[in-house]
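Basis for what follows: all heavy atoms, side chains included, without hydrogens, waters or symmetry-related copies. As the structure is a prediction and not an experimental result, all values here were calculated from the model.
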Amino acid sequence: MLIQAVTPLVTNPVTIFLVVLGIMLLVPLLLQRLKIPYVIGLILAGMAVGPYGFNILARDMSFEVFGQVGILYLMFLAGLEIDMFHLQKNMSKGLTFGLLTFFVPLVIGLGAAVAFLGLDVLGGMLVASMFASHTLLAYPIVSRFGLTKSPPVVIAVAGTIVAVMGSLIVLAAVAGVCREGEFRVTETLRLLLYLTAFCLLTIYVYPRLTRWFFKRYIDRVSQFIYILSMVFLAAVAAQRLGIEGVFGSFFAGLVLNRFVPAKSPLMTRLEFVGNAIFIPYFLIGVGMMINVGVITRGWGTLYVAGVMSVVAMTSKWLAAWFTQRIFRLKALDRSMLYQLSNAHTAVALAVVTIGYNMALFSEEILNGTIVMILVTCTVSSLGVERASKRLRMLDMSSEAEEEIEKGGRRPPHTLITVSNPITSPQLVDLALLMQGNDTRGSKLYALHVRSDNSPSSRAIGRNSLDVAEKAAAVVDASLIPLERFDVNVVSGVLNTIAERDITEVIIGLHRRTNVIDSFFGSKIEQLVKSTPKMVVITRCFIPVNTVTRIVVAVPAKSQYETGFRRWVEALGSLARELGCRIIFHCADQTWQLVRAVLMAGRYDVRAEHQKMNDWDDFVMMANSVLDDDLFVVVTARRTSVSFDSDMDALPDFMQRYFSRNNLVVIYPEQTGVDPDMETMSRAMLADFETPPTPLWLKVRALLRRLTGY
């Protein structure tokens, strides 16, 4: 395990970094042809260039720093990419799997260590804690396939934290016995107390501080640095309290989850930096620590390595099998659970190093651990790659079936009207967040209409479109810029709707320039009257990713409109991406149909209902909508089924009582009555059952009241 003292071939810092970049570039390209997971390739490349290979690079401080940062970043991304609804939905399964994947290897490992490796109970417990822990080494493979929200992946991630924390508690207990000569319960209770205090403090402080920072500093570079600072602050704080840093970074990712939507530029930057630099550096560093030469040091090392590898993999498989049997999961889910929890790296190295320094382990155990790490990492990466492909194929098949059930509904073509470069990014972000589940065939346009050919007008229009195009490109979305010369803005938008087959328009709410100006303005009012397409009018004083709730006011009979399904899907997508609650104020009949659409689309959001039978109840909402809420008003045109005469006073009412609230007003597509909507919704509701509220949800609601999160 000790690194050789021979001087490496490359010592220049710039050349070292160049070699590492070359490995990161060439190895995935080469192994892609051989159909080998690039995770294995980077580990093998680290073995080849490291001190135990051709000794091209030394495992110097740069690999120590980037390697530690890489494992923390890996766990942070795991927490950040988890869909909170799916985590809450699978929490009991995750905790059960975590306990099983900890206790089953612990018990089997202790017996095997005493029976086959000749260790005493203390040393056996230390080896067993090594088997009980695991590292999500193959998580980047799952992320590349877009399966981070898949139930088995969520269960495996939740179980990882339980297993790692349990292993660290065992490690601390064994170390305490070696130092003090006895086991002290107070030390374990102290660690649990610190863990509880850390979690509560993080839940209370991080959301408030993040919301305050994002409201005042919209620069995306500053937000990126802030997120990284908070992650590593949590990791350092956890380490100071005696908790593993990976737990701190993972928990920070969970808490910051709702402020970093999946379709946001900030998420794109965070994933890019991690997958391009930190995580590959960590994998190469792991490979540099593996010494394959220990295999040639006699049959004793091979025997120990074989026993450790068999016990580690068998016990993890049994834990996954028990979980499958308890919750009646599919065989593919069990395979994903097993392979994600099969790799042993970070905690195993820490345990074996501590045990060797305390003279609990022999050199054969040390060398056997190195071989076990190589075997489990290889099997885990290959298994996750295979399971991910099969799981992705099943998801694609179900998506195809859903497309057939939709009856070939036309994908949305969204038009964003931009007038200045300041508000363009916010409009693009909102449009991307409201796109929905399936973006195949959908198109996104940005339009600037000018009524004169002056150089200043052309410059403003070109600049606005450039900013909008860049905002979409950051999240790998395709946006088509359109610049149009027309008589006025309304004519330009209407002509574009007809020419490009637009299904919905997103436009920013104008600013009132004088006292007699109306709330919507003459342009928006004329646009709504002139087109039956869905029109979304927005005004946000804070970044959309900092809203705490989405409060929706829905008129009666809106379920009979032809555009009902689309605006429900848009709000469901928005709530899912923001990770916040959405509260529908509507009639009971409308709520049943709203819920049916959300269930059929599998949006999996925390949707709630409050009864609102008429617009008199709408007046009372002025006291319940908070400054950090996003207030959505679904209204109607005069000729539509859901129109009520009280809606004529809606603009004045919103100007009087909601002038400082974040606001979205939706005019749904209204081209007639959809009499089949109620029948279709009943059929959809028959396929779903509302599960009872579990105990942990009640506990979470209590914590939310106490902490305000």
### Query
Checking Thr210 side chain against Pro207 main chain: does a donor-acceptor pair fall under 3.5 Å?
no

### Message
With heavy-atom distances below 4.5 Å as the criterion, would you say the side chains of Thr96 and Phe322 are in contact?
### Response
no

### Minimal non-hydrogen separation, Leu74 against Tyr139, with atom names
CD1-CB, 4.1 Å

## Note on the structure
Taken to the nearest 0.5 Å, the spacing of Leu318 CG from Tyr338 OH works out to 9.5 Å

#### Entry: Check: Val246 main-chain N/O paired with Ser249 side-chain donor or acceptor under 3.5 Å
yes

### Task
Could you tell me whether the side chain of Ser167 reaches within less than 4.5 Å of the side chain of Leu106, counting heavy atoms only?
no

### Message
Apply side chain to side chain contact (heavy atoms under 4.5 Å, CB included) to residues Val375 and Met313 and explain how you reach the verdict.
### Response
CA-CA 9 Å; Val375 172; Met313 292 189 293; 4.1 Å; yes

### Query
Sequence neighbours excluded, which residues qualify as side chain to side chain contact (heavy atoms under 4.5 Å, CB included) partners of Val49?
Ile23, Ile56, Leu57

### Query
Looking at OG of Ser62 and CZ of Phe17, how far apart are the two atoms once the value is rounded to the nearest 0.5 Å?
9.5 Å

## Note on the structure
Exactly one of Leu119, Val174, Ile365 clears side-chain contact (heavy atoms from CB on, under 4.5 Å) with Leu360, and that residue is Val174

### Partners passing side chain to side chain contact (heavy atoms under 4.5 Å, CB included) against Val162 (at least two apart in sequence or in another chain)
Leu95, Leu99

### Rounded distance (nearest 0.5 Å) linking atom OG1 of Thr323 with atom NZ of Lys93
11.0 Å

### Ala312 to Phe131 - nearest heavy-atom pair and separation
CB-CD2, 3.9 Å

### Query
Can you tell me how far the OH atom of Tyr217 sits from the CD1 atom of Ile225, to the nearest 0.5 Å?
15.0 Å

#### Entry: Min side-chain heavy-atom separation Phe54-Leu9 under 4.5 Å
no

### Message
I'd like to know whether CG of Leu192 has more than 12 heavy-atom contacts from other residues, nucleotides or ligands below 6.0 angstrom.
### Response
yes

### Task
Taking all non-hydrogen atoms of both residues into account, name the closest pair between Pro152 and Leu337 and its distance.
O-CD2, 3.3 Å

### Query
Going by heavy atoms in the side chains, are Met230 and Leu209 under 4.5 Å from each other?
yes

### Message
Test of understanding: with side chain to side chain contact (heavy atoms under 4.5 Å, CB included), list the residues that count as partners of Glu64, not counting sequence neighbours.
### Response
Arg59, Met61

#### Entry: Check: Ser335 side chain, Ala331 main-chain N or O, donor-acceptor pair, under 3.5 Å
no

### Task
Please report the shortest heavy-atom distance between Cys377 and His344, naming the atom on each side.
SG-O, 4.0 Å

### Task
Over all heavy atoms of both residues, which pair between Pro51 and Met288 is shortest? Give the atoms and the distance, please.
CD-O, 3.8 Å

### Query
Residues in ring pair (Phe, Tyr, Trp, His ring centres under 6.0 Å) with Phe116, at least two apart?
none

#### Entry: Side chain proximity check, Phe145 to Ser150, heavy atoms < 4.5 angstrom
no

### Message
Tell me if the CZ atom of Arg240 is crowded by more than 12 foreign heavy atoms within 6.0 Å.
### Response
no

### Task
Could you walk me through whether Phe361 and Leu126 pass side chain to side chain contact (heavy atoms under 4.5 Å, CB included), step by step?
CA-CA 9 Å; Phe361 295 158; Leu126 204 56; 3.7 Å; yes

### Task
Might you point out which heavy atoms bring Met308 and Met372 nearest each other, and give the distance in Å?
O-SD, 3.9 Å

#### Entry: side chain to side chain contact (heavy atoms under 4.5 Å, CB included) between Thr160 and Val164, intermediate numbers included
CA-CA 6 Å; Thr160 298; Val164 170; 4.1 Å; yes

#### Entry: Leu266 CG to Arg220 CZ distance, which is reported to the nearest 0.5 Å
9.0 Å

### Query
Counting heavy atoms not belonging to Tyr194, are there more than 12 under 6.0 Å from its OH?
no

### Query
Got Met336 and Leu332 here, is their nearest side-chain heavy-atom distance under 4.5 Å?
no

### Query
With distance as the sole test, does Lys316 use its side chain to make a donor-acceptor pair with the main-chain N or O of Ala132 at under 3.5 Å?
yes

### Task
Mind running side chain to side chain contact (heavy atoms under 4.5 Å, CB included) on Leu256 and Ile227 for me, showing each step along the way?
CA-CA 8 Å; Leu256 296 173; Ile227 291 293; 4.0 Å; yes

### Query
With a 4.5 Å limit on heavy-atom distance, are the side chains of Ser380 and Leu137 in contact?
no

### Query
Judged by atom type as modelled, is there a donor-acceptor pair below 3.5 Å linking the side chain of Ser133 to the main-chain atoms of Met130?
yes

### Query
What residue pairs, at least two apart or across chains, pass salt bridge (Lys or Arg N to Asp or Glu O under 4.0 Å) with a residue in residues 130-148?
Arg144-Glu385

### Query
Are Phe247 and Phe250 close enough that their ring centers fall under 6.0 Å?
no

### Interatomic distance, Leu200 atom CG to Thr196 atom OG1 [nearest 0.5 angstrom]
6.5 Å

### Message
Tell me whether the count of non-hydrogen atoms from other residues, nucleotides or ligands lying under 6.0 Å of NZ in Lys470 goes above 12.
### Response
no

### Query
Any donor and acceptor pair, going by atom type alone, linking the side chain of Asn545 with main-chain N or O of Val260 inside 3.5 Å?
no

Enumerate, atom names and distances included, each donor-acceptor pair closer than 3.5 Å involving a side-chain atom of residues 267-284, sequence neighbours excluded.
| from | atom 1 | to | atom 2 | distance (Å) |
| --- | --- | --- | --- | --- |
| Thr268 | OG1 | Ser264 | O | 3.2 |
| Thr268 | OG1 | Val474 | O | 3.4 |
| Asn275 | ND2 | Glu271 | O | 3.1 |

### Query
Does Ser309 use its side chain to pair, donor to acceptor, with the backbone of Ala305 at less than 3.5 Å?
yes

